[in-house]
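Below: the structure, in structure tokens.
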Amino acid sequence: MNYEFEAIEAKWQKIWEEKKLYACQNGGDKEKFYALVEFPYPSGEGLHVGHPRPYTAMDIIARKKRMEGKNVLFPMGYDAFGLPTENYAIKHHIHPRAVTEKNIANFRRQLKSLGYSFDWDREINTTDPKYFKWTQWIFLQMFKNGLAYKTKMPVNWCTSCKCVLANEEVTEGVCERCGSPVIRKEKSQWMLRITKYADRLVDDLENLDYIERVKLQQTNWIGRSHGAEVTFRSTLGDEILVYTTRPDTLFGATYMVLSPEHELIGKWMEKLENPEEVRAYQAAAAAKSDLERTELNKEKTGVKLGGVMGINPVNGKEIPIFISDYVLSTYGTGAIMAVPAHDDRDWAFAKAFGLPIIEVVAGGNVEEAAFTLKDDTGIMVNSGFLNGMTVRQAIPAITKWLEEQGIGRAKTNYKLRDWVFARQRYWGEPIPIVHCPVCGQVALPEEQLPLLLPDVESYEPTDDGESPLSAITDWVNTTCPKCGGPAKRETDTMPQWAGSSWYYLRYMDPHNDEALASKEALEYWSPVDWYNGGMEHTTLHLLYSRFWHKFLYDIGVVPTPEPYAKRTSHGMILGANPHYVGNFDTQEQKDEMLRKYGSDALRPAVKMSKSLGNVVNPDDVIREYGADTMRLYVMFIGDFEKAATWSPNAVKGCKRFLDRVWAMAESVTGDAAEYSAENMSRMHKTVKKVTEDIDALKPNTAIAALMTLLNEIGDHCNRAELKTFLQLLSPFAPHICDELWERKGFEGICSVSQWPAYSEDKCRDQTVTMAVQVNGKLRGTIQAEADCADSDAVAAALADEKVARFLAKQGGSLRKSIVVKNKLVNLIVK
RNA sequence: GCGGGCAUGGUGUAAUGGCAGCCACGGUGGUCUUAGGAGCCACUGGAGAGAUCCGUGCAGGUUCGAAUCCUGUUGCCCGCACCA
């Protein structure tokens, strides 16, 4: 009989579901293991081939841990609030809830068709009121603890989504989601005080088992820098506070720069000699989108404030004050002292405006370029009492002096901004706050949670930037929970990242009505042992959820200071680029592609997209080759951490492998309960290799080892060897293994059988092939007894025919020999 | 500009100081066949008839020995980007 994957996969998926084979318990004698993958956003397009890569990898880990006797929590759910669903609902006049339900049903079907060992009893959905009740509850705790606040501030505004965006959602000045330009807009916004946790979010990374690039990216994003705040005075008498990481260069400050939005400018405006010019510059800066600011950042612009000067506190020198948009109002104090000799941007500005450049750290040529090294390379000059010190010595010395003079202090700054936590859209969690004209912002009493979304006629965002909820007057108008007077509900909703910031906790106890999860469940399962997800979430979801978790830890809700013990990340799956020049034979065609698509035509692989027509639908692959082949291929495609290109041909190779596994199983006869002597070390080696490679997240080489084993023993495999082979393959291709296990009459179900053991001892061969080098170059190989004495190996090497011939030809005598046990002999001859 | 990563056959890749190219795709030849876009077998880094020689982006270095470590350099990818 042939390998009929369609019937087999349907059969086993049904059995697993009916037996609840992969359900786990909260508690028990077994050691717990919590494996987590990022839950998907259930889009209308369905599962992308990118999804099965991380999901299959963690499924393999979960399945192996289960076979190793652990109590494994491996859950799945849906992060279902969000704009695409809402936009689809608007376009097709359907309620977003209906769209969400339809999409989830499709995702669930697709996930089940891949045979993942999720505990389906724990499925969650962030748009379920029973779920978002607790999202709202956490928000209220933050509000009560002063971490959620509303403030008027310039925000990122997407001109197409008509919605504010978090800093993390803006890339190169455009909306990360839709690619439209983002502009700055003054708006009153709910914010979360993530900056309060900045230090802990950086420092606690140290003890986490995260891959290095995730730690680095989070550290860079938080962007902690140490420096000093220094108070300058103006000739009009005001104090101007600046932030600098280089207080050592204070004597070299030859001018100052304020951001165009700085408050002192308004105060001075009356007294300025050039108010028109200043106002014009401010207006121009305000009108620029982030994109324009980014594009124009090479050329420095600015306006000198006429009629006011700054006074350098270290030497009393009067220096000019400029406004320029290279100084950001949102970082530091929005004002800087400019030291052109030792800062690249200040240098460029000084050159453009003909300002003096005073060297205060010797070691470079400040007329040619700024000298910016912050180590012991340079010596302080032109700097009064700092002269002769290195930069490293000067920084604490000047900081101490500033503190003594009462005009400055050490200061730490962060690039991290507070999190803009509101969206002017319908399909999100309502913010459970009431605005009372008497009492102000009032938290909704917890017993009134969840605060449900009202049904509305239209989900269209309004042009004035208000949420569609603002038009639902019977929902908006309410009474104040505090004073009972008339009040209005908050009409903004939470951003998409809200629900996903704590979802891993809900899986621990998903049906709890009393708490987000029981104390016992949280104690038992925390922390997540292994979390795999995309690099694109490093500074968004991953950072946000660490922040929420730390807050929940501080108020005693969760038992651990960090949510995830280990974090790994997968590479993207790319599609073939139809415009790639390598696809074309004639020079004319190549030129045509280059002309049309530019450097894009030089990439063989690109992100899959509908417009390129290179999208692969998992349903099609499963229909043609089966889920086991699909799983195997996405794991075999290449290094898990790197981007990989989908190859329709390579999929066939995985199908062929499974066909051969089927044929091998059918051919096995007899009742051997032990490996044959001939295959002994081979079996043990493969068990070791597969065991270690799964733990090291190298599924590609584990599969290669299984393919090698099949090639080696396929035609003389005994029953014991087949049993182990099926168990090793089972996490990768569970359906075919369970089927063959049953057909061959093994006991129980392969998927939950005990993971095979190996012994180091039996991994060793009796005789080994050793390479023989002469002066480091390979000249032959010898067969030697394993672990033989070095002298025996050398003797055997010298006796080898090829080696002897070479030595005779070359002449000279043996000076030295290096033996690497069981591997190599290197003869040094001169 | 800053931070990180990568570079190996026709292709995806493997080897992380010890026989470069495991495994797979593709290719060539054979076999079976009414047929082969199925299966099976053999070969498949380059040059050479061969013994051999050459070969991991490029140039150096360390080492008995380097794809692997170090220095420099070129190209590509990712993240951040006027963060003082």
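In what follows, every chain begins at residue 1, and chains take the letters A, B, ... in the order their sequences are listed. Hydrogens, waters and symmetry mates play no part in the numbers below; they use all other heavy atoms, side chains included.
The existence of a salt bridge linking A:Glu38 and A:Arg567 is confirmed by a sub-4.0 Å separation between a basic side-chain nitrogen and an acidic carboxylate oxygen.
Contact between the side-chain N/O atoms of A:Asn711 and the OP1/OP2 oxygens of B:rA24 is found at a separation under 4.0 Å.
Within 4.0 Å (heavy atoms only), A:Arg779 reaches sugar-phosphate atoms of the nucleic acid but no base atom. Looking at heavy-atom distances under 4.0 Å, A:Lys652 makes no contact with the nucleic acid at all.
B:rU63 atom C1' lies 16 Å from atom NZ of A:Lys777, rounded to whole Å. Whole-Å rounding puts the A:Ile395 CD1 to B:rA84 P distance at 12 Å. Rounded to an integer number of Å, the gap from A:Arg213 CZ to B:rG4 C1' is 9 Å. We find that CG of A:Asn649 is positioned 13 Å from C1' of B:rG10, with the value rounded to whole Å. The separation between A:Lys685 atom NZ and B:rC23 atom P is 14 Å, rounded to whole Å. Rounded to whole Å, atom P of B:rA24 lies 13 Å from atom CG of A:Leu658. We find that CG of A:Leu416 is positioned 14 Å from P of B:rC80, with the value rounded to whole Å. If you measure from atom NZ of A:Lys300 to atom C1' of B:rA84, you get 11 Å, rounded to the nearest angstrom.
Using a 3.5 Å distance cut-off with no hydrogens or angles, the side chains of A:Tyr255 and A:Asn312 do not pair a donor with an acceptor. For the residue pair A:Thr539 / A:Tyr544, no side-chain donor-acceptor distance below 3.5 Å is found, with atom types taken as modelled. The closest side-chain donor-acceptor pair between A:Ser225 and A:Asn413, if any, does not fall under 3.5 angstrom.
Of the residues in residues 334-342 of chain A, those with a non-hydrogen atom less than 4.0 angstrom from any atom of RNA chain B are A:Ile336.
The side chain to side chain contact (heavy atoms under 4.5 Å, CB included) search around A:Thr769 returns A:Thr781, A:Gln783, not counting sequence neighbours. Under the ring pair (Phe, Tyr, Trp, His ring centres under 6.0 Å) criterion, A:His579 pairs with A:Tyr597, sequence neighbours left out. Applying the side chain to side chain contact (heavy atoms under 4.5 Å, CB included) test to A:Lys689 and every residue at least two apart in sequence or in another chain returns A:Asp693, A:Thr701, A:Ala705. Every residue was checked against the ring pair (Phe, Tyr, Trp, His ring centres under 6.0 Å) condition with A:His262, not counting sequence neighbours, and none meets it. Here A:Lys304 pairs with A:Pro320, A:Phe322 under the side chain to side chain contact (heavy atoms under 4.5 Å, CB included) rule; sequence neighbours left out.
The side-chain tip of A:Lys300 does not point at the ring of A:Phe349 from less than 6.0 angstrom away and within 45° of straight on. Figure legend: A:Arg779 and A:Phe806 shown as a cation-pi pair, the cationic atom lying under 6.0 angstrom from the six-membered ring centre and within 45 degrees of its axis.
Here the nucleotide nearest the side chain of A:Ala704, chosen from B:rC23, B:rC64, B:rC54, is B:rC23. Of the candidate nucleotides B:rA84, B:rC64, B:rC23, B:rA84 has the atom nearest to the side chain of A:Leu328. If you check B:rA84, B:rC64, B:rG12 against the side chain of A:Phe636, the one that comes closest is B:rG12. Comparing B:rA84, B:rC82, B:rC25 against the side chain of A:Tyr326 picks out B:rC82 as the nearest.
Separation of atoms CE (A:Met608) and CD1 (A:Ile573) is listed at 6.5 Å; rounding is to 0.5 Å. A distance of 10.5 Å separates CZ of A:Arg224 from CG of A:Leu201, quoted to the nearest 0.5 Å.
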Give me the distances for all protein-to-nucleotides 37-43 of chain B N/O pairs that come in under 3.5 Å?
unit_1	atom_1	unit_2	atom_2	d
B:rG39	OP1	A:Arg656	NE	3.3

Considering only nitrogen or oxygen atoms on both sides, find all protein atoms under 3.5 Å from nucleotides 31-33 of chain B and state each distance.
none

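The nearest pair of heavy atoms linking A:Pro260 to A:Val327 is CD-O, 4.0 Å.
Under the 3.5 Å distance criterion, the side-chain polar atoms of A:Asp800 are left unmatched by any main-chain donor or acceptor of A:Ile782.
Taking the syn range as angles within 90° of 0, the glycosidic angle of B:rG72 is outside it, so the base is anti.
Using a 4.5 Å cut-off on side-chain heavy atoms (C-beta onward), A:Leu355 and A:Trp347 make no contact. You'll find the side chain of A:Asn614 stays beyond 4.5 Å of the side chain of A:Asn577, heavy atoms only.
Two residues, A:Pro604 and A:Val651, neighbour RNA chain B, and the one matched to the more 5' nucleotide by heavy-atom proximity is A:Pro604.
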- Query: What is the per-nucleotide protein-contact pattern of nucleotides 13-21 of chain B, from the 5' end, where B denotes a base atom under 4.0 Å from a protein heavy atom, S denotes such proximity for sugar-phosphate atoms only, and - denotes neither?
  - Reply: SS---BB--
- Encode nucleotides 70-79 of chain B as B, S and - characters from 5' to 3', where the letter depends on protein heavy atoms closer than 4.0 Å: B to the base, S only to sugar-phosphate, - to neither. -------S-S
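Paired regions of RNA chain B, where each region holds three or more successive Watson-Crick or G-U pairs whose two hydrogen-bonding distances fall under 3.5 Å, are B:1-7 with B:74-80, B:10-12 with B:23-25, B:26-31 with B:39-44, B:45-47 with B:52-54, B:57-61 with B:69-73.
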Exercise answer: donor-acceptor pairs, residues 641-648 of chain A side-chain atoms, under 3.5 Å, sequence neighbours excluded:
unit_1	atom_1	unit_2	atom_2	d
A:Lys642	NZ	A:Asp639	OD2	3.4
A:Ser647	OG	A:Ala650	N	3.1

